There are 2 protein chains.
Amino acid sequence: MDNSKVGDKRHLRSLMTRHKLLEVAKEIFLEEGFQAAVISQMIKKANIGYGTAYVHFKGKEDLLIVLMENIMEQFYEIAETSFFPKSKDEANHIINKQANAFLKMAEAERNMMQVFEQAIGISTVISDKWKAIRMKFIQRISKDVVYAQQNGLARAELNHELVAKGWFFTNEMYLWEIVRNEHQSSIEEIAQTITSVYFEGLYL
Amino acid sequence: MDNSKVGDKRHLRSLMTRHKLLEVAKEIFLEEGFQAAVISQMIKKANIGYGTAYVHFKGKEDLLIVLMENIMEQFYEIAETSFFPKSKDEANHIINKQANAFLKMAEAERNMMQVFEQAIGISTVISDKWKAIRMKFIQRISKDVVYAQQNGLARAELNHELVAKGWFFTNEMYLWEIVRNEHQSSIEEIAQTITSVYFEGLYL
DNA sequence: CAAAGAATATGACACAATGTCAATAAGGTA
DNA sequence: TACCTTATTGACATTGTGTCATATTCTTTG
């Protein structure tokens, strides 16, 4: 019913071109990193005309954003995990699990995340995308802290927003460390340790 | 005795040129940020010949590194503060003070730190400089944690390296938030809150 | 099915910025 | 003064970007 012209031969070719370019872009981003990746190189490798790339995408940034969509989606999913523990133990368990999932993402998508990290430092648009993800997490954690405080599980005198940020920040920095493959300990141990300090620091 | 030719008119002129360029570079970095700052613009504003800039500095990075040296020095000083608390209370106090000093740096040097943050994302050399500072802090904190553990002040079952990193990471991220002027709460409250969670989480 | 029309693709071009280098200027020395 | 050393210079080659008028390819219409 919708998109009546989707079966077009033309439109199809257009899609193929776009797809080919994305594919090649990914390869080159992974090989070169965001900074060093060069559009003209992608164009050559994709065997399309120079201007064609600019018909489909505004530039490097635009290309990467599309390539990252999948990963960003996954982050949002993790951020949305619900949190209604009945007990201290259950809370500890849930928090630990979330930290683990978050850090595992770094490992699973390490290569693209490396490109992403570079891009965050360079492109405003991409940096904003990450900020949105971060905000989502912080809001989520903030709610969790409030919930725990209201249910007498956590120290009520602490500013939940500040606590939430601090906790997320630790997680985020470890995320990048794992992305860069600079971590010494296992993800499990990292998650376990930071959760433990956070948990004992916040919960009663 | 040393540098016998330092009084030279020639050498002096060279120093003046270098100085002038640095001065202008700072202005332009502050106006434009690292990314957008353009060497040719600096050269024009400094009223020197194009090639001259490259005699004195290898490029943008090199210029910024020199401009940052003072600030980096200050970070090293903070990192070197000694830590030998006799009691839990004293420990809490020292840690809070350090976190405060660290975050205050962000505020005091906000403008150059903004440039620095951008540059970290772009230039490997500068990123390495920051990594060195970070490592210094983490080593320092790590030692402090071990000290506290050995003196029966802190939970001995925790991996001190992981704890130290986690704690520094929270501080660092707040540092950047303050640099970007995105913080809502006062520095004192931030330091107070994160210290409190860390402290109660780690200490007995 | 031919001609008109619409969507895509193309690459030459204009621009912006970088770093190098052979030539030049200026200061110091004997 | 003549010669050596150090510092400065800007034209040039290079690399990459994004745009736009033109060409190609497909679809529709009479």
Side-chain angles (χ1 to χ4, degrees), chain A residues 2-25 28-29 31-66 115 118-119 122-126, chain B residues 2-25 28-29 31-66 115 118-119 122-126:
Chain A
D2 52 15
N3 291 354
S4 48
K5 304 238 171 129
V6 152
D8 277 6
K9 208 169 169 184
R10 263 210 291 240
H11 187 218
L12 209 70
R13 184 161 62 113
S14 164
L15 283 179
M16 292 299 290
T17 305
R18 187 188 148 94
H19 182 76
K20 181 73 192 163
L21 185 54
L22 276 171
E23 206 169 35
V24 170
I28 293 190
F29 276 137
E31 279 165 28
E32 308 288 340
F34 184 75
Q35 168 87 316
V38 155
I39 294 212
S40 51
Q41 199 191 347
M42 298 176 185
I43 289 170
K44 204 187 285 174
K45 202 168 174 187
N47 262 311
I48 61 176
Y50 191 88
T52 311
Y54 289 92
V55 171
H56 292 274
F57 303 92
K58 286 187 183 171
K60 259 208 277 192
E61 287 187 9
D62 206 20
L63 240 353
L64 184 63
I65 287 171
V66 174
V115 178
Q118 254 197 66
I122 295 168
S123 139
T124 321
V125 188
I126 292 182
Chain B
D2 50 16
N3 292 354
S4 48
K5 303 241 171 123
V6 152
D8 276 7
K9 209 171 168 186
R10 267 211 289 238
H11 186 219
L12 211 69
R13 184 162 62 115
S14 164
L15 283 180
M16 291 300 289
T17 306
R18 187 188 147 94
H19 182 76
K20 181 74 191 163
L21 185 54
L22 275 172
E23 208 168 32
V24 171
I28 294 190
F29 276 138
E31 279 165 27
E32 309 287 340
F34 184 75
Q35 169 86 318
V38 155
I39 293 211
S40 53
Q41 199 191 347
M42 298 177 185
I43 289 169
K44 203 187 284 174
K45 202 168 173 188
N47 262 312
I48 61 176
Y50 192 87
T52 311
Y54 289 92
V55 171
H56 292 275
F57 302 93
K58 286 187 183 169
K60 258 207 277 191
E61 288 187 8
D62 206 21
L63 239 353
L64 184 63
I65 286 172
V66 174
V115 178
Q118 254 198 66
I122 294 168
S123 139
T124 321
V125 187
I126 292 182

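Because the structure is predicted, anything quoted here is derived from the model rather than measured. Just so it is clear: chains get the letters A, B, ... in the order the sequence lines come, proteins before strands, and each one is counted from 1.
Between the side chain of B:T17 and the main chain of B:R13, a donor-acceptor pair closer than 3.5 Å is present.
A pairwise comparison of heavy atoms in B:F29 and B:V115 identifies O-CG2, 3.5 Å as the closest pair. Here the closest heavy-atom approach between residue B:K45 and residue B:V24 is recorded as CB-CG1, 3.6 Å. The minimum heavy-atom distance linking B:E32 with B:Q41 is given by the pair OE2-NE2, 4.1 Å. Closest approach of B:S123 and B:I126 over heavy atoms only: OG-N, 3.0 Å. In plain terms, the two heavy atoms of B:A119 and B:L64 that are nearest each other are CB-CD2, 3.4 Å.
Spacing between atom CD1 of A:I28 and atom C1' of D:dG16 amounts to 14 Å, rounded to whole angstrom units. If you measure from atom CD of A:E32 to atom P of D:dG16, you get 10 Å, rounded to the nearest angstrom. Atom CG of B:D8 and atom P of D:dT5 are 14 Å apart (whole Å). Distance, B:L15 CG to D:dT6 P: 15 Å, rounded to whole Å. Protein atom CE of A:M42 is 17 Å distant from nucleotide atom P of C:dT10, rounded to whole Å. If you measure from atom CE of A:M16 to atom P of C:dA9, you get 11 Å, rounded to the nearest angstrom. C:dT10 atom P lies 16 Å from atom NZ of A:K44, rounded to whole Å. Between A:F57 atom CZ and C:dA9 atom P there is a gap of 11 Å when expressed in whole angstrom units.
Proximity of A:H56 to the phosphate of C:dA9: a side-chain N or O atom is located under 4.0 Å from OP1 or OP2. Side-chain nitrogen and oxygen atoms of A:T17 include at least one within less than 4.0 Å of the OP1 or OP2 phosphate oxygen of C:dA9. Within the 4.0 Å cut-off from OP1 or OP2 of C:dG11, not a single side-chain nitrogen or oxygen of A:T52 is found.
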List the steps, then state whether side chain to side chain contact (heavy atoms under 4.5 Å, CB included) holds for A:I48 with A:H56. CA-CA 12 Å; A:I48 61 176; A:H56 292 274; over 6 Å; no
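Checked against C:dA7, D:dT8, C:dG28, the side chain of A:R10 finds its nearest nucleotide in C:dA7. Of all nucleotides listed (C:dT10, C:dA26, D:dT27), C:dT10 comes nearest to the side chain of A:V55.
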Filtered N/O pairs between nucleotides 16-20 of chain C and protein, under 3.5 Å:
unit_1: C:dT18; atom_1: OP1; unit_2: B:I39; atom_2: N; d: 3.3
unit_1: C:dT18; atom_1: OP2; unit_2: B:I39; atom_2: N; d: 3.4
unit_1: C:dG19; atom_1: OP2; unit_2: B:Y54; atom_2: OH; d: 2.7
unit_1: C:dG19; atom_1: N7; unit_2: B:Y50; atom_2: OH; d: 3.2

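At the heavy-atom level, A:S14 lies under 4.0 Å from the strands shown only through sugar-phosphate atoms.
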